[in-house]
Amino acid sequence: MKREEFNNLVYHIVSIIPYGRVTTYGQIALMLGTPQCSRQVGCALHNAPEYFELPCHRVVSSMGRLVPDWHEQRTLLSNEGVYFKDNGNVDLGRSIWRWNATDIWEKRYKV
DNA sequence: GACGTGACAGCGC
DNA sequence: GGCGCTGCCACGT
């Protein structure tokens, strides 16, 4: 898999995240078949051109933690009806996007 | 081409 | 459940 392909796939996946749902870097990496490249997902989004208009605010870390120093992200998510916990993290159990019949995340987050 | 950096995940405490 | 350490890989300098 080339870098460019990897990035394009990341952009594609992010672009199809449904409204009001979130997903994680690790999940995207898993979908690409490279679960060890979670950091690259974040890196790809960081380098994503603005005109892609990606809903990258719907991508959070595996713990539901938001992007550091990007407070607008929380506003955007809450506007979409995403659930938050008391500690300010996203409630993945309620708002994670299950892209398929995979039960990995159901087990992990006890959906 | 080498080195430092980072929008992370996983594991242990 | 929260915090810190380590491994990972692409990017920018």
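Bear in mind the structure is a predicted one, so any value in this text is a computation, not a measurement. To find a chain, count down the sequence lines: A is the first, B the second, and so on, and within it residues start at 1. These numbers come from the heavy atoms of this one structure, side chains and all, not from hydrogens, waters or symmetry mates.
Remark: side-chain polar atoms of A:Ser95 are paired, donor with acceptor, to backbone N or O of A:Tyr83 under 3.5 angstrom.
Residues A:Phe6 and A:Thr34 approach most closely at CE1-OG1, 3.5 Å, considering heavy atoms.
Across all strands, A:Pro68 comes closer than 4.0 Å only to sugar-phosphate atoms, never to a base (heavy-atom distances).
Here the C1' atom of nucleotide C:dA10 and the OH atom of A:Tyr11 are 11 Å apart, to the nearest Å. The distance from atom CZ of A:Arg65 to atom P of C:dG4 is 11 Å, rounded to the nearest whole Å. Rounded to whole Å, the distance from CE on A:Met63 to P on B:dG10 is 10 Å. Taking atom CG on A:Asn7 and atom P on C:dA10, their separation rounds to 10 Å, with Å as the unit. Atoms CD1 (A:Ile28) and P (C:dA10) sit 16 Å apart, rounded to a whole Å. Rounded to whole Å, the distance from CD on A:Gln27 to P on B:dC8 is 16 Å. For the pair A:Leu66 CG and B:dC8 C1', the interatomic distance rounds to 14 Å; values are reported in whole Å. If you take CD1 of A:Ile17 and C1' of B:dA7, they are 13 Å apart, rounded to a whole angstrom.
Checked by distance alone, A:Tyr25 brings a side-chain donor or acceptor within 3.5 Å of a matching partner on the base of B:dA7. A donor and an acceptor atom never sit less than 3.5 Å apart when one is taken from the side chain of A:Arg39 and the other from the base of C:dC9.
Applying the 4.0 Å criterion to OP1 and OP2 of B:dA9, one finds that A:Ser62 has a side-chain N or O inside that range. Between A:Asn87 and C:dG2 there is a side-chain N or O to OP1 or OP2 distance below 4.0 Å. Proximity of A:Ser38 to the phosphate of C:dC9: no side-chain N or O atom is located under 4.0 Å from OP1 or OP2.
Comparing A:Glu4 and A:Gln36 by the nucleotide of DNA chain C whose heavy atom lies nearest to each, the residue mapping closer to the 5' end is A:Gln36.
The line from NE2 of A:His57 to CD1 of A:Ile17 is 8.5 Å long, rounded to the nearest 0.5 Å. Atom CG of residue A:Asp86 and atom CG of residue A:Asp91 lie 9.5 Å apart, to the nearest 0.5 angstrom.
When the nucleotides B:dA7, B:dA9, C:dC9 are ranked by their closest atom to the side chain of A:Thr24, B:dA9 comes out on top. Minimum atom distance to the side chain of A:Asn47 is reached by C:dG12, of the listed C:dG7, B:dA9, C:dG12. Closest to the side chain of A:Ser61, out of B:dA7, C:dC11, B:dA9, is B:dA9.
Linking Ile, Leu, Val, Met, Phe, Trp and Tyr whenever their side-chain heavy atoms come within less than 4.5 Å puts A:Val41 and A:Leu9 in one cluster.
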